[in-house]
Amino acid sequence: MKKITKQTYLDWYKNMLFWRKFEDKLASVYIQQKVRGFLHLYNGQEAILAGALHAMDLSKDKMITAYRNHVQPIGMGEDPKRVMAELFGKVTGTSKGMGGSMHIFSKEFGFYGGHGIVGGQIPLGAGIAFGDKYNNTGGVTLTCFGDGAARQGSLHEAFNLAMLWKLPVIFICENNGYAMGTSVDRTANHPDIWKLGLGYEMPCGPVDAMNPIKVAEAIDEALQRARRGDGPTFLEMKTYRYRGHSMSDAQHYRTKDEVEEYKKIDPITQVKEVILEKKYGTTDDIAAIDKEVKAMVKECEQFAEESPFPPVQQLYDMVYEQEDYPFIS
């Protein structure tokens, strides 16, 4: 794994803070109805992406996830202005405004989408990995899903075939404690989701996902296994989300005190404390990064605001017609 240096910590702080503020901005413009439909935010879970990106080789590795999917493509190299424009439904967005919040997609940067069907991306991630193995690209696919999706039958089908065919895939359960409003304890007779891998003799285990170093180390080990041709790994990233499942979530299933307790181990705060403690940067350096991040978010919002909506004709450009279709008389 690449060495974790002073620059790593500074980059982690800047990136995670930007992702957090990017999502906070989305929350505010959602209330103004500038972003429509559903909106699922990543606040609190940033260490998973930060750690994973440190270990990944972005020239060949890929990622696929569910609908909490705005910051992953940004981390992988996509222009954040295009991501925000997509959420605004503008033609300058990653899918020309046709995908919206739940369907960000950037094949150019190896991000194969947010998926609205719970657990639907799990076999797709295995399929992408199959393609990499078939074509001998050396790439590995990180397939992310929530704790609720771990209860889908498609997970077991994907696990079985991934082990059978030794696919280069890392299955990542981002366990933030609640599937919508249902706690993990209420969805199974044991809370350790990682143990699902044991039935397939798949290497598996829990990870402290509030700490990007722990995430990077676990992902690196899994990447090495996959690149050796030894097959998949299943990691349960134990994390927490500070906001509701979506913007329409009243969060009656948990207390404010519980949320505040988890904020004491906020990944951004943890990284900031290391920077100051090890003198990787001063409070002035932190303030400068904060100011830069604020300007970056404002630039994204301005770009999205000023971009045009798609023309009506685009609706017809996104479908195709087969003249000799045999099933319509």
Side-chain angles (χ1 to χ4, degrees), residues 1-4 8 15 45 47-66 69 71-78 104-115 119-146 149-150 154-175 193-194 196-197 200-207 209 212-237 239:
M1 187 174 75
K2 296 191 296 287
K3 189 176 181 182
I4 296 173
T8 305
N15 291 336
Q45 302 182 206
I48 299 175
L49 181 59
L53 291 173
H54 183 77
M56 291 170 71
D57 181 345
L58 295 183
S59 70
K60 57 187 175 183
D61 294 335
K62 304 172 183 67
M63 186 180 289
I64 187 170
T65 189
N69 68 324
V71 299
Q72 291 89 341
I74 295 172
M76 295 183 75
E78 182 58 82
I104 306 295
F105 198 94
S106 181
K107 184 179 179 182
E108 179 185 358
F109 292 99
F111 183 71
Y112 284 77
H115 293 265
Q121 75 278 17
I122 301 173
L124 294 180
I128 296 168
F130 179 87
D132 279 328
K133 182 169 184 176
Y134 186 86
N135 294 306
N136 196 30
T137 67
V140 179
T141 300
L142 277 66
T143 300
C144 305
F145 51 93
S154 59
L155 174 140
H156 297 278
E157 296 171 345
F159 276 21
N160 182 57
L161 287 177
M163 283 299 292
L164 182 65
W165 294 336
K166 297 289 187 288
L167 299 182
V169 57
I170 305 172
F171 296 107
I172 297 172
C173 176
E174 296 184 290
N175 180 4
I193 295 174
W194 63 269
L196 293 175
Y200 302 92
E201 297 186 357
M202 184 187 298
C204 53
V207 180
I213 295 177
K214 299 293 185 184
V215 174
E217 290 171 345
I219 295 288
D220 180 67
E221 184 179 346
L223 284 167
Q224 290 185 43
R225 168 181 163 78
R227 297 201 210 283
R228 288 195 306 266
D230 293 339
T233 300
F234 176 38
L235 300 173
E236 180 189 352
M237 299 287 177
T239 184

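The chain is numbered in sequence order, starting from 1.
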Are the side chains of [X] and [Y] in touch, meaning some heavy atoms are under 4.5 Å apart?
X: Leu235; Y: Trp194; answer: no
X: His156; Y: Leu196; answer: yes
X: Cys173; Y: Phe234; answer: yes
X: Leu223; Y: Leu142; answer: yes

- prompt: Without hydrogens or angle criteria, can the side chains of Thr137 and Asn135 be said to hold a donor-acceptor pair below 3.5 Å?
  reply: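 Side-chain D/A pair, Thr137 to Asn135: absent.
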task: Go through the steps for Glu78 and Phe111 under the test side chain to side chain contact (heavy atoms under 4.5 Å, CB included), then give the verdict.
output: CA-CA 9 Å; Glu78 182 58 82; Phe111 183 71; over 6 Å; no
Looking at [X] and [Y], what are the two nearest heavy atoms and their distance?
X: Pro232; Y: Met163; value: CG-SD, 3.5 Å
X: Ala52; Y: Val215; value: N-CG1, 3.8 Å
X: Ala209; Y: Met237; value: CB-CB, 3.5 Å
X: Pro168; Y: Ala226; value: CA-CB, 3.8 Å
X: Gln121; Y: Cys144; value: NE2-O, 2.9 Å
X: Lys166; Y: Gly229; value: CB-O, 3.8 Å

Hey, what do you get for [atom1] ([X]) to [atom2] ([Y]), rounding to the nearest 0.5 Å?
X: Ile74; Y: Asn69; atom1: CD1; atom2: CG; result: 10.0 Å
X: His54; Y: Ile4; atom1: NE2; atom2: CD1; result: 4.5 Å
X: Leu49; Y: Glu174; atom1: CG; atom2: CD; result: 8.5 Å
X: Thr143; Y: His115; atom1: OG1; atom2: NE2; result: 9.5 Å
X: Gln72; Y: Leu53; atom1: CD; atom2: CG; result: 9.0 Å
X: Met202; Y: Arg225; atom1: CE; atom2: CZ; result: 8.0 Å

- prompt: Taking NZ, NE, NH1 and NH2 as the nitrogens, is one of them in Asp57 or Lys2 under 4.0 Å from a carboxylate oxygen of the other?
  reply: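 No, this pair does not count.
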task: Answer yes or no: is there an ion pair linking Asp132 with Lys62, defined by an N-O contact shorter than 4.0 Å?
output: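 Here Asp132 pairs with Lys62 in a salt bridge, since their nearest N and O are under 4.0 Å apart.
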CA sep, side-chain torsions, deciding dist, call: Thr239, Ile48, side chain to side chain contact (heavy atoms under 4.5 Å, CB included): CA-CA 8 Å; Thr239 184; Ile48 299 175; 3.9 Å; yes
query: Parallel, tilted or perpendicular for Tyr112 and Phe105, by the 30°/60° rule?
result: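 The arrangement is perpendicular - the two ring planes meet at more than 60°.
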Main-chain N/O of [Y] paired to [X] side chain as donor or acceptor, under 3.5 Å:
X: Arg227; Y: Gly138; answer: yes
X: Glu236; Y: Ile193; answer: yes
X: Asp61; Y: Val140; answer: yes

- prompt: Has Glu217 got more than 12 heavy atoms of other residues, nucleotides or ligands less than 6.0 Å from its CD?
  reply: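 Enclosed: over 12 neighbouring heavy atoms sit under 6.0 Å from CD of Glu217.
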message: One pair to check against side chain to side chain contact (heavy atoms under 4.5 Å, CB included): Ile64 and Ile128. What are the steps and the verdict?
response: CA-CA 9 Å; Ile64 187 170; Ile128 296 168; 4.1 Å; yes
message: Just checking Phe171 against Phe159, ring centres under 6.0 Å apart?
response: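 Between Phe171 and Phe159, the centre distance is under 6.0 Å.
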query: Met56 and Met63: side chain to side chain contact (heavy atoms under 4.5 Å, CB included), yes or no, with the steps?
result: CA-CA 10 Å; Met56 291 170 71; Met63 186 180 289; 4.0 Å; yes
message: One pair to check against ring-ring contact (aromatic ring centres under 6.0 Å, His included): Trp165 and Phe130. What are the steps and the verdict?
response: CA-CA 8 Å; Trp165 294 336; Phe130 179 87; 5.5 Å; yes
